[in-house]
Amino acid sequence: MTDAWPTAFTELVGCRVPIQQAGMGGASTVALAAAVAEAGALGMLAPHGAPPEQVAADLDAVATVTGGAFGINFLIPFVSPSAVEAAAEHCRYIDFFYGDPDEALVARAASGGAVVGWQVGSADEAVRAVEVGCKLVIAQGTEAGGHVRGALGLIPLLDAVLDRVDVSVVAAGGIATARAVAAVLAAGAAAVRVGTRFATSIESGAHPDYVAALLAADGADTVLTEAFGVGWPHAPHRVLRVSVEAATAFEGEVVGSMATPDGPRPVGRFSPEAPRHGMTGSISAMALYAGQAVGAVTRIEAAADVVDELATGAARLLAPR
C-alpha cells in the first residue's frame, strides 16, 4: 500500500495521497473510481447527462466496494440540478467544469456537506470559483486531454492561480509521470489531476482500440481543435490528430453505434462522445481525447499501480537529499 502523503488536498477530501483521477466520461467507470479510491487517491465518476437515479446508483456502487475517497464531475453544458442534488446525498466531493462558477449550483452541491471544486482555465475564473463557495480549484493547462477551458500552459496558469486564491489548488494537464507530479507539487499545487494515464488502465471504460491508439501515440500527435463539436460547439478540446483526420475523411454522418438497454444508439460524426466499451463502428474516427503527456503512457496496468508509481516516485524525488 502506498504510504500516506498528507497535504491540504488530502485532508480536505479524505484521501491518502495527493492524486485525483480526472473525470473522463465513458472511461470513468465505477470500477476505475473504486480502484483509484482504494489505492488512496481520489476516484471520480463522470456520468455526463445521466439522470439522478443513475448518479445515485453509480455512487452507491462505488461505496459498496471501497471505503476510500471518491467524487463526481459535472460538465456545465450538460448538468441538471436534480443530478447534482442526488450526488450531494451520496458523495463527499463534487466538482464542475466548463462554465462560469455558479453560486446557486455550488450551494446545491454542498447541501449535503460535500466539498465542492471547480476546474478553471484562468486566475480570474479561480477567484470567482472561490467567491461562490468552492473549497478548491483545479487549474487546467492547455496540455490536458479532453476539453480545455483556458489559453495558458499549466505552469504559468498554476503560478497565476496560486497568487490569487488561498484554497487548495490541484494541477491538471500533461501529468502522467512521477517527475511531473513532483514538479507541480514543488511549485505549490496541493495535488495533481491525472487523466490519460488512467484512461489506459485495466479498469477504464475506454474502447480497446482507443486505448491502443493512446499507447501508440506521442505528445506531438495531439492537437487542440474544435472539430468534435456536434452538440457542444466552440469548445476547444485536445485529441489525437489521427481522429480528426479519420473523421474528416469518413463518408457519412454516423460513424458507429453504442449498445444500450433500448437497442443500438447511433454515434454521429464529430460527436464529442469518446469511444468506450459497447461501441462499434469506425472507432478511429471518434473523439480520441489525449493529453500532451500521452507519450509517457506505454502500457495497460491496474489503476492502483498507477497511483503507487506516481505517488511513490514523486515522494522519492521530493525527499530531502
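All residue numbers in this chain count up from 1 along the given sequence.
- Across Pro275 and Leu288, no two heavy atoms sit closer than the pair CG-CD2, 3.5 Å.
- No side-chain heavy atom of Asp209 sits less than 4.5 Å from a side-chain heavy atom of Ser284.
- Distance alone, capped at 3.5 Å, is enough to place a donor-acceptor pair between the Arg269 side chain and the Gly252 backbone.
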Item checked: Step-by-step salt bridge (Lys or Arg N to Asp or Glu O under 4.0 Å) determination, Arg164 to Asp124 -> CA-CA 8 Å; Arg164 298 279 302 279; Asp124 286 345; 3.1 Å; yes
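- Counting all heavy atoms, side chain and backbone alike, Ala114 lies closest to Cys91 at CB-O, 3.6 Å.
- For the atom pair CZ of Phe198 and CG of Leu310, the computed distance is 6.5 Å after rounding to the nearest 0.5 Å.
- A distance of 11.0 Å separates OG1 of Thr10 from CG of Leu42, quoted to the nearest 0.5 Å.
- Paired with Met24 under the rule side-chain contact (heavy atoms from CB on, under 4.5 Å), one option of Thr196, Leu32, Leu45 passes, and it is Leu32.
- If you chain together hydrophobic residues whose side chains sit under 4.5 Å apart, Val165 and Val120 never meet in one group.
- Counting heavy atoms from C-beta outward, Pro236 and Glu226 have side chains that approach closer than 4.5 Å.
- Thr312 places a side-chain N or O within donor-acceptor distance of the main-chain N or O of Asp308, the cut-off being under 3.5 Å.
- Counting heavy atoms from C-beta on, the side chains of Ser122 and Leu152 never come closer than 4.5 Å.
- Side chains of Val161 and Asp163 form no contact here, defined as non-hydrogen atoms less than 4.5 Å apart.
- Nearest approach of Val194 to Ile175, heavy atoms of both residues: CG1-O, 3.6 Å.
- Checked by atom type and distance alone, the side chain of Thr66 never pairs as donor or acceptor with a backbone atom of Ala63 at under 3.5 Å.
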Notebook entry, point to check: Can you list the steps and then say if Glu309 with Arg299 is a salt bridge (Lys or Arg N to Asp or Glu O under 4.0 Å)?
Noted result: CA-CA 13 Å; Glu309 179 190 328; Arg299 63 191 183 278; 3.0 Å; yes
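- Here the shortest heavy-atom pairing between Ala220 and Arg241 reads O-NH1, 3.1 Å.
- Counting only heavy atoms from C-beta outward, the side chains of His207 and Met286 never approach each other to under 4.5 Å.
- Within a 6.0 Å sphere centred on CZ of Arg265, other residues, nucleotides and ligands contribute more than 12 heavy atoms.
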Margin query: Using side chain to side chain contact (heavy atoms under 4.5 Å, CB included), reason through Asp100 and Arg128 one step at a time and then give a plain yes or no.
Written below: CA-CA 8 Å; Asp100 294 333; Arg128 177 58 181 160; over 6 Å; no
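- Between Ala87 and Ile72 the shortest heavy-atom distance is CB-CG2, 3.8 Å.
- Side-chain polar atoms of Thr29 and Glu203 form no donor-acceptor pair below 3.5 angstrom.
- Residues Val254 and Val267 fail the side-chain proximity criterion, which asks for heavy atoms closer than 4.5 Å.
- A chain of hydrophobic side-chain contacts below 4.5 Å, direct or via other Ile, Leu, Val, Met, Phe, Trp or Tyr residues, connects Val137 to Leu158.
- Inter-residue side-chain proximity for Phe270 and Thr248 is flagged as met; some heavy-atom pair is nearer than 4.5 Å.
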Margin query: Apply side chain to side chain contact (heavy atoms under 4.5 Å, CB included) to residues Leu12 and Phe9 and explain how you reach the verdict.
Written below: CA-CA 5 Å; Leu12 186 64; Phe9 171 83; 5.7 Å; no
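- Remark: Ser243 OG to Phe228 CZ distance equals 4.0 Å, nearest 0.5 Å.
- Taken to the nearest 0.5 Å, the OH atom of Tyr289 stands 12.5 Å off from the CG atom of Leu214.
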Item checked: Criterion side chain to side chain contact (heavy atoms under 4.5 Å, CB included) on Val167 and Lys135, from CA distance to verdict -> CA-CA 6 Å; Val167 300; Lys135 302 303 182 184; 5.7 Å; no
Next item on the list: Begin from the C-alpha positions of Glu301 and Ser201 and carry the test side-chain hydrogen bond (donor to acceptor under 3.5 Å, both in side chains) through to its verdict.
Entry: CA-CA 5 Å; Glu301 56 193 325; Ser201 67; over 6 Å; no
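- By the criterion of side-chain heavy atoms lying less than 4.5 angstrom apart, applied directly or through intervening Ile, Leu, Val, Met, Phe, Trp or Tyr residues, Val223 is grouped together with Tyr210 in one hydrophobic cluster.
- Looking at every heavy atom in both residues, Ala8 comes nearest to Ser168 through CB-OG, 3.3 Å.
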Next item on the list: For side chain to side chain contact (heavy atoms under 4.5 Å, CB included), just list the numbers for Asp95 and Gln20, CA-CA rounded to whole Å, side-chain angles, deciding distance to a tenth of an Å, and then say yes or no.
Entry: CA-CA 11 Å; Asp95 67 27; Gln20 179 190 19; 3.1 Å; yes
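- Cluster membership check: Val132 does not share its hydrophobic cluster with Val130, using side-chain heavy-atom separations under 4.5 Å among Ile, Leu, Val, Met, Phe, Trp and Tyr.
- The OG1 atom of Thr298 sits 11.5 Å away from the CG atom of Asp218 when rounded to the nearest 0.5 Å.
- One N or O on the side chain of Glu125 and one on the backbone of Gly121 form a donor-acceptor pair closer than 3.5 Å.
- Connection of Val192 to Val307 is established within a shared hydrophobic cluster, with ILVMFWY side chains joined at heavy-atom distances below 4.5 Å, either directly or through further cluster members.
- Between the side chain of Gln21 and the main chain of Ala41, no donor-acceptor pair closer than 3.5 Å is present.
- Contact annotation: the side chain of Glu273 approaches that of Met279 to within less than 4.5 Å [non-hydrogen atoms, C-beta and beyond].
- Judged by a 6.0 Å distance limit and a 45° cone about the ring axis, Arg149 is positioned over the six-membered ring of Tyr98.
- Residue Phe96 holds its CZ atom at 6.0 Å from CD1 of Ile76, rounded to the nearest 0.5 Å.
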Next item on the list: Please report the C-alpha distance between Gln119 and Arg193 in whole Å, then the side-chain angles of each, then the deciding distance to 0.1 Å, and finally whether the side-chain hydrogen bond (donor to acceptor under 3.5 Å, both in side chains) criterion is met.
Entry: CA-CA 10 Å; Gln119 183 163 281; Arg193 184 169 171 132; 3.1 Å; yes
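- By the 30° and 60° cut-offs, the orientation of the rings of His147 relative to His237 is tilted.
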